[in-house]
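Beneath this line is the structure, given in structure tokens, with notes to follow.
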Amino acid sequence: MRALLSAVHCPLSSIHSPPLTHDPQPLTLSPMRMSKLFSKTLREDPTEAETPSHRLLLRAGMVTQIAAGIYSYLPLGWTIIRKIQDIIRKEMDAAGGQELQMPSVHPIALWKASGRDQLMKDILFRFKDKRGREFVLSPTHEEITVELFKRNVQSYRDMPQLIYQIAAKFRDEPRPRGGLIRLRQFIMKDLYSFDTDSAGLDASYQTMFDAYQRIFDRCSVPTIPVLADSGAMGGTDTHEFIYLTDIGEDSLLLCPKCDYAANAEVAAFVKEPAHTDEDPQPIEEVDTPGQKTIDDLAAFLKVPATKTCKAVFYLADGEPVFIAIRGDMDVNEAKLRNALGATDLIYMAEAQVEKAGFVAGSAGAVGLEGVKIIADELVTRERNLVAGANKPNKHLLNTNYDRDWKADVVTDIALAREGALCAQCRTPMDLKRGIEMGQVFKLGTRYSETMGAYFLDAEGKKQPAVMGSYGIGIERLLAAVVEANHDENGIIWPPRLAPYDVHIVVIQPDKPGVRETADELYDSLTADGKAVLLDDRDESPGVKFKDADLLGMPVRATVSPRNLKEGAIEVKLRTVSESKLIPVDESPKRIADML
RNA sequence: CGGGGUGUAGCUCAGUCAGGUUAGAGCGCCUGGUUUGGGGCCAGGAGGCCGACGGUUCGAAUCCGUCCACCCCGACCA
């Protein structure tokens with residue numbers, strides 16, 4: 001991707017400022033005494049939490065669930081979200097973005113205009129106002145953005161433009177999961193670019209791509225960019241930024257040798273025919289009583305699964321389609337959807353297949369009429385495959401593409417698996433799971449043409465704006481920060497994101513000088529611009545130490561009679577197990593040096 | 001949408017199989033005392049429409065039915 005940037009020349013790209021080279025001044029919270037803090041820690045794990053981030057954020061009293069996929073963010077959690085937003089804002093501004101705010105309530109008309117009232121109908125939250133007018137709660141903001149463009153930009157002289165917001169999104173997901181990982185209401189940073197031509201879009205895309213890398217770095221979440229599917233957004237190129245973790249819901253194929261990395265939805269791979277050395281043999285019908293699955297069929301006929309052609313039916317926008325794919329492979333529904341240009345794709349179960357007049361368990365392309373046939377390109381290159389005979393309990397031996405059947409569409413619709421050969425270098429790829437932190441899209445003119453985002457070029461000709469869109473899921477990023485930065489005792493906040501820099505633990509505050517020393521430290525660190533949390537609760541030392549570990553501030557400072565006897569305060573970094581004693585009078589400076 | 005699981009105190013859970021005084025424990029919370037370096041100790045106390053509705057029964061947290069909510073798996077393949 002780096003190469004892309006250097007290849008681009010964009011005469012109007014002065015808006016693309018150089019990246020931030022310094023760490024921006026972070027937000028600093030007012031000091032807090034834990035006796036006053038709104039939220040409390042939980043001693044036990046709440047039952048609904050399974051992933052580490054969900055468990056720890058709940059136990060630390062940083063978030064709390066209101067409904068499936070709907071959360072409240074309590075003061076500590078909200079502070080971290082604000083800090084994440086702050087990092088993102090500064091990168092977006094440095095990249096030439098201008099922040100604005102768009103509404104969450106949209107008239108349905110805008111969504112009808114783009115056609116996405118249908119395309120996204122399953123996840124749209126809809127409601128009517130008291131006069132019966134229909135609205136949606138915004139799942140994303142391309143439609144509004146185009147409206148804003150039309151009202152504010154008419155000339156190439158005013159382009160390119162990058163506008164963004166950090167705002168709530170509402171998506172009625174079929175299954176919220178993993179705490180903050182898949183939500184129905186969530187906060188997103190979404191930026192939209194408007195360029196005069198595709199070279200400009202390439203530059204905007206690259207600018208965002210680079211900014212995203214820096215954002216995830218600053219949040220201490222290791223991510224990799226992967227090729228992805230554009231789904232309901234439309235457009236051409238798109239990358240997702242993935243944090244690799246077993247609890248992730250996306251499947252990725254990664255080449256260990258070259259740089260190929262792709263979401264399984266789009267992953268290309270090299271498919272080798274297994275039986276090309278054979279000559280085509282005469283077709284032959286055989287009895288296969290009760291053999292309905294590929295595994296059963298292959299065992300019954302004593303042939304490898306690679307010698308079979310699997311038949312699968314889908315309803316694509318209501319129309320049945322027949323899929324032929326080699327028996328050992330699975331259909332990749334995202335690839336199939338794209339091949340068909342379909343919006344709705346529903347797998348047809350056996351009963352539906354029968355009802356539609358096909359022979360479930362023995363369906364095959366040979367002699368099949370009245371249904372669109374989609375073939376994975378590999379089956380067209382194989383020889384002498386076993387296929388269904390379209391008669392109950394019968395299959396055909398030695399079916400061959402072209403000679404015996406033809407497909408309406410021949411393309412790659414196979415799902416890549418662990419060990420699939422890399423399309424770039426033929427190395428077996430790894431299959432990993434991950435969480436998508438953000439995605440960048442080259443939308444092109446899909447929205448500008450359908451919704452009328454035009455400008456006049458230097459020749460006075462009307463042209464559609466070339467658009468891109470770029471999102472980051474804020475809560476998901478928060479969850480990933482915790483996934484990537486915790487131990488068995490609690491969260492380990494990266495210093496840039498920690499709500500407080502220093503967590504002061506006071507032990508036996510009623511002993512001479514203890515409370516006073518802690519208060520002085522609290523005041524002097526605060527005066528020095530540090531954010532300080534002071535545990536002044538009437539709790540035993542064990543409780544306070546456990547909570548300090550759970551809450552995860554970068555530095556813990558313990559003020560106790562035992563330490564004061566040495567004239568010292570004990571300090572410890574959350575990242576290490578050893579603590580050290582520092583003289584009381586040097587403590588504010590020494591602590592500041594640790595940060 | 002399919003499959004599995006769970007709903008009893010703020011949290012974690014017993015009790016439900018086999019119906020029967022006033023529904024329990026630990027943690028948390030309140031009061032008092034004691035203790036003080038890794039989730040102490042003692043005493044007292046507050047806190048419940050047992051997810052909701054309907055049914056069976058003399059009697060329902062418990063049995064039956066319907067619904068709701070939440071969690072997990074899958075959207076897996078003739």
Side-chain angles (χ1 to χ4, degrees), chain A residues 39-51 54-55 58-59 61 64-70 122 173-179 182 247 249 251 264 288 290-298 305 308-315 322-334 336 344-354 356 358-364 376 386-390 392-393 395 413-415 417 489-490 505-511 514 537-550 556 558-565 570 572 577 579:
Chain A
S39 58
K40 278 201 301 200
T41 57
L42 300 175
R43 182 172 301 210
E44 286 169 292
D45 288 337
T47 32
E48 76 260 26
E50 297 203 347
T51 62
H54 193 198
R55 202 163 45 78
L58 286 170
R59 276 195 54 205
T64 192
Q65 187 179 25
I66 300 300
I70 314 257
D122 291 337
E173 295 286 350
R175 180 147 101 85
R177 73 174 92 194
R182 182 163 290 268
I247 66 159
E249 52 182 5
S251 294
T288 51
Q291 308 303 315
K292 292 194 168 189
T293 68
I294 290 293
D295 284 348
D296 290 348
L297 182 68
T308 66
C309 181
K310 181 152 67 182
V312 186
F313 290 90
Y314 279 90
L315 276 178
F322 175 91
I323 315 302
I325 188 166
R326 203 173 72 182
D328 61 315
M329 300 207 160
D330 291 324
V331 173
N332 181 325
E333 293 188 1
L336 178 60
D344 283 330
L345 194 62
I346 302 168
Y347 173 74
M348 291 173 76
E350 188 169 327
Q352 294 169 278
V353 172
E354 297 281 2
F358 302 104
V359 185
S362 288
D376 182 60
V386 175
N390 297 315
N393 302 314
H395 280 80
I413 50 166
L415 187 64
R417 287 184 294 220
N489 297 316
V505 171
V506 195
I507 292 171
Q508 296 190 68
D510 294 333
K511 290 285 164 65
V514 176
R537 296 173 302 168
D538 183 18
E539 291 287 356
S540 68
V543 171
K544 294 187 178 187
F545 288 135
K546 288 285 186 190
D547 275 348
D549 287 346
L550 176 60
R556 186 185 83 191
T558 306
V559 181
S560 70
R562 194 171 88 182
N563 295 333
L564 284 185
K565 229 178 274 174
E570 178 190 318
K572 178 182 144 347
S577 53
S579 61

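As the structure is a prediction and not an experimental result, all values here were calculated from the model. Labels below follow one simple rule: chain letters A, B, ... track the order of the sequence lines, proteins then strands, and each chain is numbered from 1.
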Whole-Å distance between B:C71 P and A:Ile66 CD1?
12 Å
Rounded to the Å, how far apart are A:Leu345 CG and B:C1 P?
19 Å
Let's test your reading of the model: under 3.5 Å, does the base of B:G3 pair with the side chain of A:Arg175 as donor and acceptor?
no
Pairwise P distance for B:G37 and B:U62, with rounding to whole Å:
49 Å
For the pair A:Glu249 and A:Arg177, find out whether any cationic side-chain nitrogen is under 4.0 Å from an anionic carboxylate oxygen.
yes
Nearest to the A:Thr558 side chain among B:C29, B:G37, B:C72, which nucleotide is it?
B:G37
Base of B:G39 paired with side chain of A:Arg59 (donor-acceptor, under 3.5 Å):
yes
If we take the P atom in both B:U12 and B:C76, what is their distance in whole Å?
34 Å
Determine whether a donor-acceptor pair (one donor, one acceptor, N or O, separation below 3.5 Å) exists between the side chain of A:Glu44 and the base of B:G26.
yes
Regarding A:Asp45, tell me which of base, sugar-phosphate or nothing describes its non-hydrogen contacts under 4.0 Å with the strands shown.
sugar-phosphate
Interatomic distance at C1', B:A25 relative to B:C72, whole Å:
28 Å
Assign A:Ile294 to base, sugar-phosphate, or nothing according to its heavy-atom contacts below 4.0 angstrom with the strands shown.
sugar-phosphate
The residue, A:Pro174 or A:Gly69, whose nearest nucleotide of RNA chain B is more 5′ is A:Gly69
Can you find a heavy atom in the side chain of A:Glu570 that is under 4.5 Å from one in the side chain of A:Ser560?
no
So what does A:Val359 hit on the nucleic acid, given a heavy-atom distance under 4.0 Å: a base, only sugar-phosphate, or nothing?
nothing
Is it the case that A:Asn393 and A:Thr288 place a side-chain donor and acceptor less than 3.5 Å from each other?
no
Separation of A:Arg55 atom CZ from B:C71 atom P, in whole Å?
17 Å
Taking NZ, NE, NH1 and NH2 as the nitrogens, is one of them in A:Lys544 or A:Glu539 under 4.0 Å from a carboxylate oxygen of the other?
no
State, with a plain yes or no, whether a side-chain heavy atom of A:His395 is found less than 4.5 Å away from one of A:Leu297.
yes
Which value, in whole Å, describes the distance between the C1' atoms of nucleotides B:G40 and B:C68?
43 Å
